[in-house]
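Lettering follows sequence order; numbering is per chain, from 1.
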Protein chains: 2
Amino acid sequence: MLEQRDRAHRSPINLSEAIIPGLCAGCGARHIGLCDALADEDLHFLASVARQTTVARGHSFAIEGDSARYFFNINAGTARLHKDLPDGRRQITGFVGPGDFVGLAADDRYTFSAEAIEDVRLCRFDRTELRGVFSRFPAIERRLLDVASHELIVAQEQMLLLGRKSAIERLASFIDGWSRRAILCGGGTDSLRLPMTRTDLADYLGLTIETVSRALSALRKQGVIEVTPDHNISVVRPHALHDIARAGA
Amino acid sequence: MLEQRDRAHRSPINLSEAIIPGLCAGCGARHIGLCDALADEDLHFLASVARQTTVARGHSFAIEGDSARYFFNINAGTARLHKDLPDGRRQITGFVGPGDFVGLAADDRYTFSAEAIEDVRLCRFDRTELRGVFSRFPAIERRLLDVASHELIVAQEQMLLLGRKSAIERLASFIDGWSRRAILCGGGTDSLRLPMTRTDLADYLGLTIETVSRALSALRKQGVIEVTPDHNISVVRPHALHDIARAGA
DNA sequence: CGCATACTTGAGCGAAATCAAGGCCTGTGG
DNA sequence: CCACAGGCCTTGATTTCGCTCAAGTATGCG
């Protein structure tokens, strides 16, 4: 019986990181390998339809309108997904990190752009081969349906945020969600690393950079968060933060 | 060999309407049956996990926070899906009509409420039985993944609308999309029936009822649309409407 | 006919956008 | 080592788009 390490060694794909991670309840798709029971022939098949690549910070690996040839699974780093209007207005629809999928929401052409905000390592699947992958690994198709369902829930929550919440509530919602994700998927609760700029935050929350900055200051003055010198955040009163996010009580 | 009509007659489910409709490119999930090759035993199985019901206008068939027992497929009528904040603010995340699915974006509990804005006839599936349905009809699972992907695309487009578009652009986008849907899925292009109230429209577009009304008047004064005496709409200059929607050129 | 519901329009207000200035950190070159 | 440029962020002043408050119109129903 092969060790995980040996299998990883045989494949151009690094199996010690999730190729097809599972859905971790509460935090979305992250960190749970599905690949423990793969035979050698399965590995060879996967290697023929998937390739691991690196995308440097600032570079795009999918562009809205381009032919959607690939489907991605992020292994390391963070990327932003965004849609743009002709006059330059931008809406970031999500940030994706290790374990997340990119390209579920695709037609023949990408309906979004994906850009690395840190160096990203990812696994790239040929979309034309996806049917083949599904029939060989039915569990993957099932998993993807779960992932897609979860993404729909998140998307609808974001619509509520964009359509109906105030600037402070938007910021509080984002920090609340991001810190939960960090706690569930890594640990350290004291300082929360924000790999995205204030501009990214603004484009994600439907605000301007100035309003983001002011809302952060307001949360800081209320003693709910602290802003570290390197512009990261630490959550001082998680419960109060959550109450603001939910427009609570 | 059984006729479609005979099969319909044998089942409590009306098979002449789509139980599991296909994905009609461009218009989303609508009107295309998947049920032409079903054996009698399959029909009996479907009848054991699904039931056709009616929901009267104004009534909810799913409530946010309730245990998500069912999965729905709309056969007739229109419903709104919405999320609410404790203080009464409401965001409608979508309108669903014949052929659409409700409950894809569900965890153990519903993360949205669904309410009929016209009398609705729907087919109700036990979610605990869905796995069984999928293994008996793999095509359904595949179809649902396509539907979920398409809904993600639509959701991201709506995020762009809510986060970055002006009131007039929002209205133009909605009317543009709704009229395309109407043209693709039924025909008559002259008068566009809007089954939802101005309040619904406002809650869908992240605006107030007054702003919706003013934006409609503005589009009317620009000669892009006409508003009929019964508050429906007819699109006079579709191209101009589309340009406004896309903040175009 | 009277009332309720839904929609439209106007006036004034306010939250966030825009415009503008200044601070802080990093890297680069003298 | 310091000087300076360029990001990135914060804060202040002013403007604006859409919200709130208010009044009036139209339609449908008992």
Side-chain angles (χ1 to χ4, degrees), chain A residues 57-58 80 85 87-92 117-118 161-175 192-222 225-234 244 247, chain B residues 57-58 80 85 87-92 117-118 161-175 192-222 225-234 244 247:
Chain A
R57 173 189 169 133
R80 60 177 175 228
L85 287 171
D87 63 2
R89 281 174 282 173
R90 161 169 301 194
Q91 179 66 38
I92 291 180
I117 59 179
E118 304 171 297
L161 180 150
L162 292 170
R164 289 300 180 214
K165 289 187 183 177
S166 72
I168 284 204
E169 289 161 359
R170 291 179 201 208
L171 248 295
S173 299
F174 169 76
I175 298 169
L192 192 62
R193 202 176 64 87
L194 300 181
M196 68 291 289
T197 65
R198 296 284 186 268
T199 303
D200 288 337
L201 232 34
D203 286 341
Y204 181 59
L205 299 174
L207 300 169
T208 61
I209 175 176
E210 295 94 333
T211 301
V212 168
S213 193
R214 279 186 252 270
L216 283 172
S217 296
L219 288 173
R220 182 167 46 74
K221 282 168 191 158
Q222 291 174 33
I225 62 170
E226 275 170 9
V227 180
T228 64
D230 58 347
H231 302 303
N232 287 327
I233 280 174
S234 93
I244 296 173
Chain B
R57 172 190 172 132
R80 61 177 174 227
L85 287 170
D87 63 3
R89 280 174 283 175
R90 160 168 303 194
Q91 179 65 38
I92 291 179
I117 60 179
E118 303 171 297
L161 180 150
L162 293 169
R164 289 299 180 216
K165 288 187 183 176
S166 70
I168 283 204
E169 288 162 359
R170 292 179 201 208
L171 247 297
S173 300
F174 169 77
I175 298 169
L192 193 61
R193 202 178 64 88
L194 300 181
M196 68 290 290
T197 65
R198 296 285 186 269
T199 304
D200 288 338
L201 231 35
D203 286 341
Y204 181 58
L205 299 174
L207 300 169
T208 60
I209 176 176
E210 295 94 333
T211 301
V212 167
S213 193
R214 277 186 255 271
L216 283 172
S217 295
L219 288 173
R220 182 168 46 75
K221 282 168 191 158
Q222 290 174 33
I225 62 169
E226 275 170 9
V227 179
T228 64
D230 58 348
H231 302 303
N232 287 328
I233 280 173
S234 94
I244 297 173

Measuring from [X]:[atom1] to [Y]:[atom2], what's the distance to the nearest 0.5 Å?
{"X": "A/L194", "Y": "A/I233", "atom1": "CG", "atom2": "CD1", "value": "4.5 Å"}
{"X": "B/L171", "Y": "B/Y204", "atom1": "CG", "atom2": "OH", "value": "12.0 Å"}
{"X": "B/Q222", "Y": "B/I244", "atom1": "CD", "atom2": "CD1", "value": "5.0 Å"}

Looking at [X], I'd like to know whether one of its side-chain N or O atoms comes within less than 4.0 Å of OP1 or OP2 on [N].
{"X": "B/S166", "N": "D/dC17", "result": "no"}
{"X": "A/R198", "N": "D/dT10", "result": "yes"}
{"X": "A/S217", "N": "D/dT11", "result": "yes"}
{"X": "B/R220", "N": "C/dT9", "result": "yes"}
{"X": "A/T211", "N": "C/dA16", "result": "no"}

Atom pair distance, as rounded to whole Å: [atom1] in [X] and [atom2] in [N]:
{"X": "B/L205", "N": "D/dG18", "atom1": "CG", "atom2": "P", "result": "12 Å"}
{"X": "A/L162", "N": "C/dA16", "atom1": "CG", "atom2": "P", "result": "13 Å"}
{"X": "B/R214", "N": "D/dC21", "atom1": "CZ", "atom2": "C1'", "result": "11 Å"}
{"X": "A/I209", "N": "D/dC9", "atom1": "CD1", "atom2": "P", "result": "6 Å"}
{"X": "B/E169", "N": "D/dG18", "atom1": "CD", "atom2": "C1'", "result": "14 Å"}
{"X": "A/L219", "N": "D/dT10", "atom1": "CG", "atom2": "P", "result": "12 Å"}
{"X": "A/M196", "N": "D/dC8", "atom1": "CE", "atom2": "P", "result": "15 Å"}
{"X": "B/L216", "N": "D/dG18", "atom1": "CG", "atom2": "P", "result": "14 Å"}

Could A/R164 and B/D203 be called an ion pair, given the rule that one side-chain N must be under 4.0 Å from one carboxylate O?
yes
Within the structure shown, what part of the strands sits under 4.0 Å from B/T197 by heavy-atom distance: base, sugar-phosphate, or nothing?
sugar-phosphate
Work out which heavy atom in A/A202 is nearest to a heavy atom in A/V212; give both atom names and the distance.
CA-CG2, 3.6 Å
Toward the 5' end of DNA chain C, which comes first, A/E210 or A/A167, by nearest nucleotide?
A/A167
